[in-house]
Amino acid sequence: METFIIIGLGKVGTSIGYLLKKAGFTIVAAVDASDEALARHISRTGGRTFRHPADLDVTADCYLITTGDDQIEPVCRTLSDRIEPGAIVIHMSGAGSLALLDPARRAGAKTACIHPLQTFSDVESAIEALPGTVYGITCDPGLQSWAERLVAALGGIPFFIDHGDRPLYHAAACVVSNYLVTLIYMAERIYGRLGLDEQEARQAFWPLLRGTMQNIREKGSVPSLTGPIARGDAGTLEKHLLALGAAMPDMLPPYRELGKITADMALKKGGISSVESENIRTLLSKGA
């Protein structure tokens, strides 16, 4: 099995490194500018520790760059003086392109973007959640089978993405994860206006959220849509707008924009007519 050097021993690098080691790969070295990160996580990956890619005095078959996006290209440029032709250099950015790895390609390496479609709030939960995760892959020609094998070893599911589509792929991931968290924050704030603290708010809406997510998983998004817009109840919607406008006006713009998308979904579901959908969109646009 191939040997690996991991550059960036944060949550992503540590979690993936742990699974690589568990799958039988050897982690030769780990690089991180933080002594604390190295000390905290190296036991999960193994390998020698280095503070900077320029300090590396060992080589590997594969180099896994799990730094922040802005550091990928500079790290790759540093590695290009050290890697051997035929080595594989990978980054795990969702939106970043293969072009970030051009210095390694010019040095004779093969390159790939392999992004886990998963949230990394902490190492422990990420390790538990990663099996079964889809990995968005963009790679050099001839590297597809190797990338599939690597993802399979991680317990994941490969999904190949065209080079130019990576930003769209990552935007969808942000909507699913980041913006869902934002929506929950909005709900917490509104319930907070009613006197509930965050924990009480979550306790109140958690059964609703859990049931909604289960419906989406089993039926899909459009069939799972319920609520006033789904049934064409413009009167209730107008009450929402008046209440938010009076009590929490900063909540109005996102509520209006989400409602417009919801009106399109309701029309697609067949619960409202095109006239009702247009009337709802007009109501949501008033005063915007």
Side-chain angles (χ1 to χ4, degrees), residues 1-31 45 47 53 59-69 71-73 75-77 79-80 82-120 126-127 129-173 176:
M1 281 186 151
E2 292 92 341
T3 56
F4 278 79
I5 291 175
I6 301 173
I7 300 95
L9 207 61
K11 291 175 286 190
V12 176
T14 303
S15 305
I16 297 296
Y18 174 86
L19 293 177
L20 286 170
K21 182 180 178 182
K22 185 178 179 181
F25 296 94
T26 299
I27 311 301
V28 175
V31 181
T45 63
T59 59
D61 302 310
C62 308
Y63 296 78
L64 181 61
I65 303 175
T66 51
T67 63
D69 287 11
Q71 294 302 311
I72 292 173
E73 197 275 339
V75 164
C76 185
R77 198 183 318 121
L79 288 176
S80 65
R82 290 160 175 76
I83 58 177
E84 298 178 356
I88 300 173
V89 179
I90 309 138
H91 76 65
M92 288 198 152
S93 165
S97 71
L98 276 181
L100 295 173
L101 303 178
D102 277 349
R105 185 185 295 109
R106 289 193 291 269
K110 302 172 185 177
T111 61
C113 314
I114 303 178
H115 173 258
L117 196 58
Q118 189 53 264
T119 182
F120 289 81
I127 288 172
L130 276 166
T133 291
V134 166
Y135 286 72
I137 302 170
T138 305
C139 60
D140 289 339
L143 209 57
Q144 289 92 338
S145 295
W146 178 87
E148 285 182 316
R149 179 170 63 84
L150 180 68
V151 168
L154 293 170
I157 302 165
F159 170 54
F160 287 93
I161 307 165
D162 288 340
H163 178 83
D165 288 338
R166 292 197 70 85
L168 279 177
Y169 153 83
H170 195 246
V176 169

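Contact annotation: the side chain of C113 never approaches that of Y135 to less than 4.5 Å [non-hydrogen atoms, C-beta and beyond]. Inter-residue side-chain proximity for C76 and L100 is flagged as unmet; no heavy-atom pair is nearer than 4.5 Å. Side-chain contact between V31 and I6: absent, with no pair of heavy atoms (C-beta onward) separated by less than 4.5 Å. Side chains of I157 and T133 form no contact here, defined as non-hydrogen atoms less than 4.5 Å apart. Residues S80 and R106 fail the side-chain proximity criterion, which asks for heavy atoms closer than 4.5 Å. Counting heavy atoms from C-beta outward, L64 and V89 have side chains that stay 4.5 Å or more apart. Residues F4 and K21 fail the side-chain proximity criterion, which asks for heavy atoms closer than 4.5 Å. Counting heavy atoms from C-beta outward, L101 and I65 have side chains that approach closer than 4.5 Å.
Aromatic ring pairs are classed by plane angle as parallel below 30°, tilted from 30° to 60° and perpendicular above 60°; the pair Y169 and H115 is perpendicular.
The heavy-atom pair separating G8 from T66 by the smallest distance is O-OG1, 2.5 Å. Taking both residues in full, the closest heavy atoms of S93 and G96 are given as OG-N, 2.8 Å, listed atom of the first, atom of the second, then distance. Scanning all heavy atoms of the two residues, the minimum distance from D61 to M1 falls at OD2-O, 4.4 Å. Closest approach of P53 to L79, counting heavy atoms only: CB-CD2, 4.3 Å. Here the shortest heavy-atom pairing between V151 and P158 reads CG1-N, 3.7 Å. Listed here is the closest heavy atom pair of C139 and L98: C-CD1, 3.8 Å.
More than 12 heavy atoms of other residues, nucleotides or ligands sit less than 6.0 Å from atom CD of Q144. The environment of OH in Y18 is sparse: at most 12 heavy-atom neighbours from other residues, nucleotides or ligands sit within 6.0 Å.
Checked by atom type and distance alone, the side chain of S97 pairs as donor or acceptor with a backbone atom of A99 at under 3.5 Å. Counting only distance, with no hydrogens or angles, the side chain of S15 and the backbone of A126 share no donor-acceptor pair below 3.5 Å. Checked by atom type and distance alone, the side chain of K110 never pairs as donor or acceptor with a backbone atom of I88 at under 3.5 Å.
For the side-chain contact (heavy atoms from CB on, under 4.5 Å) with P116, the lone residue among L130, L154, V134 that qualifies is L130.
For the 3.5 Å distance criterion, the side chains of R105 and T111 qualify, holding a donor opposite an acceptor. A side-chain N or O of T138 and one of R166 form a donor-acceptor pair less than 3.5 Å apart.
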